[in-house]
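First the structure, in the form of structure tokens, and then the observations on it.
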Amino acid sequence: MRFCKKRQDLKAHKKFVEVGFGYTPPLLTVKRKRVQKKVLVRVFFFCLFFSVLKTDASPWRPKNVFRVTTSLPSRLIDSIMAQGNWNILFQESPFAEFQRQIAIANFFALRDDVRQADYYFEKARTTLEIIYASLRGNYNWPKNSNEITSTQNLPWGESRDTFEDYLLCRLQLKLEILFTGKKDGKDALQELEAHVSKIESQLSKPIVDKDASMASFVNFFGEGLKLRQKTLRGYHKAEQFAKLSDAQKNLLSDYWERRTIAFRILENIRYGNLGRALFLVRLVENNRKEKLDGLALARLYIRCGAFGDAKRVLEESLSKTEIKAAENFGDYLSHSQVLENIEAWLSSWKNAEEQATQAANHLQNLLNQSNTPREIFVDLRKAAYTERLRSFVFAYIGSGKCPSSADFVFDTDMEREWLLREAIFFERCNVPVGKNEWAHIKKGMDADEKLLFAYHRKENLPRVKANEVNLSVYIRARDNLQKALRVKDTKKLVKLLTDALDAKSKIDFAFAALDWGIWFSSDIEHDALKNLPSKINKGDAWRLFVALNRKYAQQIFKDAPWVFFSPEDAAYFSQNVTTSILDLPEAKISLKSEYTTDKNLYFTDSQISLAFESKGNTGILTLGEPYHVVNKIRTKETVFFGDVLGINDGTPQDAASFVPPLFFRCGECAAPSGANASRLVAPRVDSATRKIIAELSDNFSTTWNFSVESDCPQGGVNYEDSLFLTVNSNAAFPCNLNARKIIIEKNERVSAIQKAALLAMGFYPNSMLITYRVNISDSITIPFLYDFFQRVNRRQITSTEAFFEAKKRAEKSFSGEGHFLPLRNYETFH
């Protein structure tokens with residue numbers, strides 16, 4: 001459910017052990033090698049990867065409705081034993097039980113169920129201690145394994161080999177725990193180095209002499225941990241890890257090679273190299289699809305922004321018969337709710353409602369079956385209630401349809417957070433909630449819940465400080481803004497409006513409604529804009545326009561490819577979406593705007609146009625109709641925010657125009673070394689566009705048309721440096737893009753992919769954008785662009801200067817000034 005996690009009952013997962021893995025150290029005695037040859041082949045199972053997550057839930061999100069599974073059902077264990085290589089008939093290794101616990105822990109970690117994973121890692125630790133205790137009697141080892149300072153002190157043969165295997169299992173356990181990401185940077189690195197040093201000391205040789213593949217992973221993992229603790233800004237960390245990642249081979253033949261791929265995926269997501277991460281996820285799926293857990297794979301696709309791939313994987317999993325069994329209802333629910341959340345994120349409310357209704361009906365049918373195990377009946381009933389309520393919320397958001405009063409459950413077996421959300425939603429649908437029900441809900445409310453309740457009932461917000469979660473922060477900022485508007489406090493209005501806009505950009509209203517039934521029916525920020533003073537400080541103006549730009553970006557980046565964006569922006573997108581769709585802890589990221597400008601500012605979207613004319617330390621604000629360009633800003637350099645592509649084409653360009661950064665900027669970022677500085681990328685071009693590109697090719701060392709990830713180079717590295725987007729450009733971008741020069745062909749309808757490219761360009765220095773109308777003839781467009789790129793690429797002059805020179809020359813060559821009015825040039829603001 002959206003506001004709780006599920007108990008994972010995994011009996012029907014016949015691929016369970018394949019998703020997990022069994023690690024048997026490779027250096028065994030000759031005798032054991034013969035006995036276990038078959039076992040080794042069958043025991044190296046595929047485990048995809050852990051998601052690096054924090055364990056604590058966001059304070060305002062409801063806690064788990066289902067009990068934490070502290071032990072798996074015996075029928076599942078029997079199934080694992082029957083399917084896996086733990087069976088005694090195969091002469092199992094003494095470490096088979098340890099590997100089984102690791103496999104189970106891995107499965108839960110794949111599902112982001114960190115508590116369950118921790119439980120089984122702890123069981124694996126205990127199991128390893130028990131194994132040592134049983135072996136030391138056979139081999140006359142000391143009580144404490146650390147007393148064996150060197151394996152050379154042990155007799156050659158079974159005793160020494162078995163102890164070396166034990167040491168590698170100890171190292172493996174440490175690696176698995178560190179891989180979950182609980183400890184970051186310095187602490188994790190120190191633990192790893194200390195553990196490796198101890199193991200190698202006891203082995204009396206480097207790990208590479210015992211297991212070369214494991215040693216390779218340890219080295220790469222250590223380099224990644226070293227990078228985490230460096231005091232570098234996000235972009236430089238992303239660049240450095242990209243080099244580390246691309247230097248690795250894309251191999252999946254053994255377990256530690258697959259773990260290397262896993263770490264590359266997760267760290268690239270961490271730093272925002274989403275093109276590389278997406279390339280590797282698809283590589284793994286294409287080569288190991290039959291071994292993968294669908295939900296884990298979908299969650300990785302979501303974190304890369306590949307929602308189409310995530311939906312495909314989830315729909316395939318939900319179509320299978322085994323997932324619909326009663327004992328697997330938790331697994332079914334996990335898949336269904338993530339799919340519903342994707343539809344909600346994309347505002348496909350009808351699809352989300354249909355999926356939730358289907359899930360509710362399926363769960364209710366399981367409840368009605370006489371053979372449903374009684375031990376899961378309570379959890380199953382709670383899940384059915386939840387899915388039904390979710391379907392009501394989706395229907396209300398999508399079409400305004402309310403359920404009837406008879407659908408109000410208020411089952412006190414449900415957790416308080418669930419009851420609060422149900423009560424808020426039904427009261428919104430004019431279903432009264434009694435005093436007794438509210439009294440029950442209020443017992444034990446935390447600060448955030450009290451704040452939500454007060455906001456819903458339109459009461460004064462409590463003074464008790466709520467946990468600094470995004471929804472609470474926005475409610476308080478919104479309340480402060482409303483109070484200022486009520487008393488007409490214009491002195492504080494700009495700051496309070498900026499605070500509210502910043503807080504608003506960090507939440508998603510659909511999930512605020514889904515989580516708590518909270519709606520924000522009025523656009524208080526728009527009302528505040530109408531009441532702003534006409535004269536404000538230029539620093540306040542800059543922060544206000546940046547906040548408006550982020551609000552605009554929030555509306556369009558949902559269905560745009562994130563590979564356009566800078567690593568820092570992409571990392572922010574990924575963490576923000578992960579919080580919303582996957583119901584995980586909120587990322588605490590500061591989005592400060594630490595600089596200002598003497599230039600004029602202009603913002604426009606479908607609601608308003610706002611202009612700021614800079615005059616010394618202050619300036620004049622002017623509010624206008626959407627896309628209405630205020631005459632005052634035409635005579636000076638202007639920074640354009642919001643829907644730049646919607647600006648009137650007839651606006652004269654007698655001064656330079658700029659595009660600002662979105663979330664983060666990088667004034668010191670240079671083009672990646674070794675990149676081709678004159679490469680044109682034109683995705684999925686049509687025949688008309690090919691003609692333009694062919695004429696421009698003299699200015700570029702390479703022209704290229706890509707469509708699928710197989711066209712990407714090793715690691716999915718960046719393509720430089722110019723991007724050509726036509727009105728028909730498809731949103732499939734499998735590789736990283738690092739375009740510093742963007743050409744956009746537009747008509748009456750501008751696509752989200754073009755808007756995203758525009759928003760992305762403000763991060764980099766020395767970037768530029770040209771827009772032109774699709775109805776300008778090729779006989780004018782081609783010579784103009786050819787002349788422009790000759791000046792930029794060959795003569796190395798600034799884009800603005802090149803634009804005006806090329807435009808002036810074209811106007812002399814072609815009659816009719818009207819041809820060139822739709823041409824616009826923007827450069828990045830730095």
If we ignore hydrogens and angles and just use 3.5 Å, is the side chain of Ser609 paired with the main-chain N or O of Glu625 as donor and acceptor? yes
From Asn576 atom CG to Glu586 atom CD, the distance as rounded to the nearest 0.5 Å: 8.5 Å
Drop me the distance from Ile692's CD1 to Thr726's OG1, to the nearest 0.5 angstrom. 9.0 Å
My understanding is that only residues two or more places apart in sequence, or in another chain, count here; which of them pass salt bridge (charged side-chain N to carboxylate O under 4.0 Å, His left out) with Lys506? none
Qualifying residues under salt bridge (charged side-chain N to carboxylate O under 4.0 Å, His left out), relative to Glu745, sequence neighbours excluded: none
Pair Phe520 and Tyr474, ring centroids less than 6.0 Å apart: yes
Is a side-chain donor-acceptor pair under 3.5 Å present for Thr798 with Thr800? no
Just verifying a value: how many Å separate Phe241 CZ and Arg276 CZ, rounded to the nearest 0.5 Å? 10.0 Å
Search all heavy atoms of Arg773 against all heavy atoms of Asn747 and return the closest pair with its distance. NH1-C, 3.0 Å
Taking it one step at a time, do Thr781 and Tyr772 satisfy side chain to side chain contact (heavy atoms under 4.5 Å, CB included)? CA-CA 8 Å; Thr781 304; Tyr772 71 95; 3.8 Å; yes
Any heavy-atom pair between the side chains of Phe279 and Asn250 that's under 4.5 Å? yes
Just wondering, do Phe545 and Pro660 contact through their side chains at under 4.5 Å, heavy atoms? no
Quick check: do Leu493 and Leu485 have side-chain heavy atoms less than 4.5 Å from each other? yes
Any side-chain to backbone donor/acceptor pair from Thr579 onto Gln575? Under 3.5 Å, distance only. yes
Who are the side chain to side chain contact (heavy atoms under 4.5 Å, CB included) partners of Lys691, not counting sequence neighbours? Asp778, Ile782
Name each donor-acceptor pair under 3.5 Å that joins a side chain in residues 527-536 to protein atoms two or more places apart or in another chain, with its distance.
from: Asn531; atom 1: ND2; to: Asp527; atom 2: O; distance (Å): 2.8

Main chain of Asp508, side chain of Gln554: is a donor-acceptor contact present, judged purely on distance under 3.5 Å? no
With side chains defined as the heavy atoms from C-beta onward, is the minimum distance between Leu610 and Leu544 less than 4.5 Å? yes
Can you check whether Tyr602 and Phe658 have ring centres sitting under 6.0 Å from each other? no
I need the minimum non-hydrogen distance between Trp345 and Val577, along with the two atoms involved. CZ2-CG2, 3.2 Å
Answer with yes or no after comparing the ring centroid distance for Phe663 and Phe573 against a 6.0 Å cut-off, counting only values under it. yes
Do side-chain atoms of Lys311 reach the backbone of Ile342 as a donor and acceptor pair under 3.5 angstrom? no
On a heavy-atom basis, the closest approach of Cys304 and Leu278 is SG-N, 3.8 Å
Test salt bridge (Lys or Arg N to Asp or Glu O under 4.0 Å) on Arg270 and Glu267 and set out the steps. CA-CA 5 Å; Arg270 169 193 285 264; Glu267 290 296 279; 3.1 Å; yes
Test side-chain contact (heavy atoms from CB on, under 4.5 Å), reference Ile744, set Ile770, Ile753, Leu769, output is Leu769
Sole candidate of Asp643, Asp523, Asp502 that passes salt bridge (charged side-chain N to carboxylate O under 4.0 Å, His left out) when paired with Lys551: Asp523
State whether the side chain of Asn268 and the backbone N or O of Tyr271 hold a donor-acceptor pair below 3.5 Å, judged by distance alone. no
Nearest 0.5 Å, please: how far is CG in Leu662 from CG in Asn549? 6.0 Å
Check whether any side-chain heavy atom of Tyr235 lies under 4.5 Å from a side-chain heavy atom of Phe664, and answer yes or no. no
Might you confirm whether atom NZ of Lys495 has over 12 heavy atoms from other residues, nucleotides or ligands at distances under 6.0 Å? no
Would Trp542 and Val639 count as a side chain to side chain contact (heavy atoms under 4.5 Å, CB included) if you check the C-alpha gap in whole Å, the side-chain angles of each, and the deciding distance to 0.1 Å? CA-CA 10 Å; Trp542 175 260; Val639 184; 4.3 Å; yes
To check you understand the geometry: which heavy-atom pair defines the closest contact between Asn600 and Glu613, and what is its length? OD1-CA, 3.1 Å
Considering only heavy atoms from C-beta outward, does the side chain of Tyr572 approach that of Glu568 to under 4.5 Å? no
What distance do Arg233 atom CZ and Glu239 atom CD have between them, rounded to the nearest 0.5 Å? 11.0 Å
Salt bridge (charged side-chain N to carboxylate O under 4.0 Å, His left out) partners for Glu805, two or more places apart: Arg791
Would you say Phe803 and Val792 make side-chain contact, with heavy atoms under 4.5 Å? no
Between Asn273 and Arg264, does any side-chain donor sit less than 3.5 Å from a side-chain acceptor? no
Heavy atoms of Pro626 and Thr604 approach each other most closely as C-OG1, 3.8 Å
Begin with the C-alpha distance, continue with both residues' side-chain angles, and end with the deciding distance and a verdict on side chain to side chain contact (heavy atoms under 4.5 Å, CB included) for Ser522 and Arg478. CA-CA 11 Å; Ser522 61; Arg478 181 184 175 94; 3.0 Å; yes
Within the distance-only criterion (no hydrogens, no angle test), does the side chain of Glu525 pair as donor or acceptor with the backbone N or O of Leu501 below 3.5 angstrom? no
With rounding to the nearest 0.5 Å, note down the distance linking CZ in Arg795 to CD in Glu801. 10.0 Å
Only counting residues at least two apart or in another chain, list the ones meeting salt bridge (charged side-chain N to carboxylate O under 4.0 Å, His left out) with Asp309. Arg282, Arg312
What verdict does the side chain to side chain contact (heavy atoms under 4.5 Å, CB included) test give for Leu645 and Thr771, after you've listed the backbone C-alpha separation in whole Å, the side-chain angles of each residue and the deciding distance to 0.1 Å? CA-CA 8 Å; Leu645 296 179; Thr771 63; 3.3 Å; yes
Closest approach of Ser799 to Phe788 (non-hydrogen atoms, all atoms of both residues): O-CE1, 3.4 Å
